[in-house]
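What you see is a predicted model, and the numbers here were worked out from it, not measured in a lab.
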Amino acid sequence: MQGKNSTNATRLVADYVSGRLTRREMIRKAVAAGVSVPAIAAILAGASPRRAFAQDATPIPDPDAASTLVVPSGLRTDLSGSSITAVLADPTDPNGPFLEGAIAKFTEATGIAVEFQRGERTADARLQAYRQQFAGQSADIDVYQIDVIWPGVVAEHAVNLAEPLADLAAQHFEAIVQNNTVEDVLVGIPWFTDAGLLYFRTDLLEKHGVTAPTTWDELTTSAQAIQDAERADNPDFYGYAFQGRAYEGLTCNGLEWQVSNGGGFIVESDGTVSINNPQAIEAFDRARSWVGTIAPEGVTTYAEQETLNLWTAGNLAFARNWPYMFAASQEAPAVAGKVDVSPLPMGTGDAARNADTLGGWQLMVSKYSENQEPAIEFIKFMCSPEFQTAFAAEQSMLPTIAAVYDAQEVAEASEFIPRLKDVFQGGAVARPSSVTGDLYPEVSQAYSQQLNQVLTGDKDGATAAADMEAEISAIAGG
Ligand code: GLC
């Protein structure tokens, strides 16, 4: 560190250590002031007492996290002394410290203790674990975080929240509340929504004279050009990464590829299986062409976390991931301040369009819980507009309450959220979980396993599409 850089860095260290700046503010200011990436990394490594671990290696909760969260009024205090267990997030989730901070505020306000358990790392593994707990009618977990595609699968194990949380449910997007309602049982209250996004490095686009791609062909060409140039200095650099492992995340990517190419929605709302057509096949083969060229060979084993790691290390020009990676990027010295997002590119041919898969998670109370009242109170807090405002501003998690999209603190910290509001408020593409109900996980598994074989080169797109059609028709009776 020299000259101006060194003075800036010294002042930022002092402000950070004393708590005048949060970690995120410090990184943003450092990047803006031109402090070099190694210098920022040194600040974080040498001077982060506030992110430290206790001597027994227990992480000390980050006091910055959830600092903007205002506790909603009207929470019950007469349940003080009770305790619940909630399974939320996963061990690799960057939201962990935020959730710890939020839960501490809930306990302080209500006297209800919450044991925060992390869930399994992927949606598939998580569902498998939940299914085992439900089969044993286990009372160990009171509150479950459930995926937007699961209401039909978990409804019979859920407390009906329609009455106890009627006022809260009325504030959330009607379409998601509908999605979460199975035969009049409101299975879960929306916690956050998700949509697949294209991430790009604004600095690299500028450096290489490239504009943000609007079609997959443009993305392919630009990713290749930036990769070719960047490899001279960085042998680990790639143009693009996505989620290619055989799991739910690949179903989300595959749906985006085929819908954006006019290739159908896997299962249409009338039950017709629509995969085995030239546009879908073309989209699958295009994705295969990325593996080992603009994307690492290993992308066929990637879930979200692997994409995030490569991205935050500064080793990618473009990536497909969910909104959470935006806030996570602002904490990563290699990319902070150099990241923007857009809807995913369009395909080619008839009916080509933008397609961003709809994701998101709900909170559910287990029917086997012996602490249902405090569990409901916890959901009231976690799905409140106050919680969603802080979750959007600090963690770039998408709200499910319309008014939160217009909150000033959200626009300041996560500008893309109000900007892409149309995509997030009904424009995203749903997976066929309503039409397939409790068979959806098996439909999705058949799809992602076949598609993974296309990516690894074991099958061509046409063979896989025919096999998908046969398997999914057999499962879902199309
Ligand atoms: C995200 C989405 C979820 C999806 C999962 C796939 O968590 O919110 O709906 O199933 O990714 O990996």
Report yes or no: do Tyr447 and Glu442 form a side-chain donor-acceptor pair below 3.5 Å?
-> no
Between Thr400 and Trp191: side-chain donor-acceptor atoms closer than 3.5 Å = no
Hey, are Asp228 and Gln224 close enough side-chain-wise for a donor-acceptor pair under 3.5 Å?
-> yes
Should the pair Glu297-Arg288 be classified as a salt bridge under the 4.0 Å nitrogen-to-oxygen rule?
-> no
Return yes if a side-chain donor-acceptor contact under 3.5 Å exists between Gln408 and Glu412, otherwise no.
-> yes
Between Ser260 (side chain) and Met346 (backbone), is there a donor-acceptor pair under 3.5 Å?
-> no
More than 12 foreign heavy atoms under 6.0 Å from CD of Gln128: is that the case here?
-> no
Any side-chain heavy atom of Asp438 sitting closer than 4.5 Å to one from Val154?
-> no
Results of side chain to side chain contact (heavy atoms under 4.5 Å, CB included) for Thr307 - residues two or more places apart only = Ala241, Gln243, Tyr302, Ala319, Asn321
If you draw the axis of the six-membered ring of Tyr405, does the NZ or CZ of Arg419 fall within 45° of it and under 6.0 Å from the ring centre?
-> no
Take Glu248 and Thr122, measure what side chain to side chain donor-acceptor pair (under 3.5 Å) needs, and give me the verdict at the end.
-> CA-CA 8 Å; Glu248 187 59 39; Thr122 63; over 6 Å; no
Do the side-chain N and O atoms of Gln305 and Asn309 include a donor-acceptor pair separated by under 3.5 angstrom?
-> yes
Report yes if some heavy atom in the side chain of Asp90 is under 4.5 Å from a heavy atom in the side chain of Glu120; otherwise report no.
-> no
Might you work through the salt bridge (charged side-chain N to carboxylate O under 4.0 Å, His left out) test for Lys380 and Glu377, ending with a clear yes or no?
-> CA-CA 5 Å; Lys380 216 189 262 176; Glu377 218 50 26; 3.2 Å; yes
Assess whether side chain to side chain contact (heavy atoms under 4.5 Å, CB included) is satisfied between His208 and Arg201, documenting all intermediate values.
-> CA-CA 11 Å; His208 300 286; Arg201 284 277 302 276; over 6 Å; no
Are the side chain of Asn354 and the backbone of Leu344 linked by a donor-acceptor contact shorter than 3.5 Å?
-> yes
Residue pair Arg231, Asp236: steps toward the salt bridge (charged side-chain N to carboxylate O under 4.0 Å, His left out) verdict | CA-CA 7 Å; Arg231 279 277 171 90; Asp236 300 325; over 6 Å; no
Does the salt bridge (charged side-chain N to carboxylate O under 4.0 Å, His left out) test come out yes or no for Arg121 and Glu306, once each step is laid out?
-> CA-CA 12 Å; Arg121 197 163 93 83; Glu306 287 76 17; 2.7 Å; yes
Around Glu206, counting heavy atoms of other residues, nucleotides and ligands shown, do more than 12 lie under 6.0 Å from its CD?
-> no
Between Ser342 and Tyr199, is a side chain to side chain contact (heavy atoms under 4.5 Å, CB included) present by the stated rule, with each step listed?
-> CA-CA 7 Å; Ser342 72; Tyr199 281 79; over 6 Å; no
Full working for ring-ring contact (aromatic ring centres under 6.0 Å, His included) between Tyr144 and Phe134 | CA-CA 11 Å; Tyr144 286 94; Phe134 294 147; 4.9 Å; yes
Using salt bridge (Lys or Arg N to Asp or Glu O under 4.0 Å) as the criterion, list what pairs up with Arg286, not counting sequence neighbours.
-> Asp217
Run the numbers on Tyr240 and Phe318 for ring-ring contact (aromatic ring centres under 6.0 Å, His included), then give the verdict.
-> CA-CA 5 Å; Tyr240 186 51; Phe318 300 101; 7.1 Å; no
Step by step, would you call Asp147 with Arg431 a side chain to side chain contact (heavy atoms under 4.5 Å, CB included)?
-> CA-CA 12 Å; Asp147 203 328; Arg431 283 161 279 175; 4.0 Å; yes
Check: Gly249 main-chain N/O paired with Asn253 side-chain donor or acceptor under 3.5 Å = yes
Do Asp142 side-chain atoms and Ala375 backbone N/O form a donor-acceptor pair below 3.5 Å?
-> no
Does a side chain donor of either Thr68 or Glu394 reach within less than 3.5 Å of an acceptor in the other side chain?
-> yes
Phe116 versus Thr85: any side-chain heavy-atom pair under 4.5 Å?
-> no
Should Thr456 and Thr300 be marked as a side chain to side chain donor-acceptor pair (under 3.5 Å) after you check the CA-CA gap, both sets of side-chain angles, and the distance that decides it?
-> CA-CA 6 Å; Thr456 57; Thr300 59; over 6 Å; no
Taking the six-membered ring for Trp, are the ring centroids of Trp257 and Phe242 within less than 6.0 Å of each other?
-> yes
Carefully, step by step, assess Leu197 and Phe424 under the rule side chain to side chain contact (heavy atoms under 4.5 Å, CB included).
-> CA-CA 11 Å; Leu197 291 175; Phe424 305 145; 4.0 Å; yes
Is a side-chain N or O of Lys105 found less than 3.5 angstrom from the main chain of Ala66, in a donor-acceptor match?
-> yes
Just one of Arg126, Met382, Met364 clears the side chain to side chain contact (heavy atoms under 4.5 Å, CB included) bar with Gln145, so which one?
-> Arg126
Sub-3.5 Å donor-acceptor pair from the side chain of Ser384 to the main-chain atoms of Phe387, do we have one?
-> yes
Would you please test Tyr440 and Trp150 for ring-ring contact (aromatic ring centres under 6.0 Å, His included) and show each step?
-> CA-CA 8 Å; Tyr440 174 77; Trp150 297 345; 9.6 Å; no
Quick one: do the Asn180 and Gln362 side chains pair a donor with an acceptor below 3.5 Å?
-> yes
Are the side chain of Asp356 and the backbone of Ala428 linked by a donor-acceptor contact shorter than 3.5 Å?
-> no
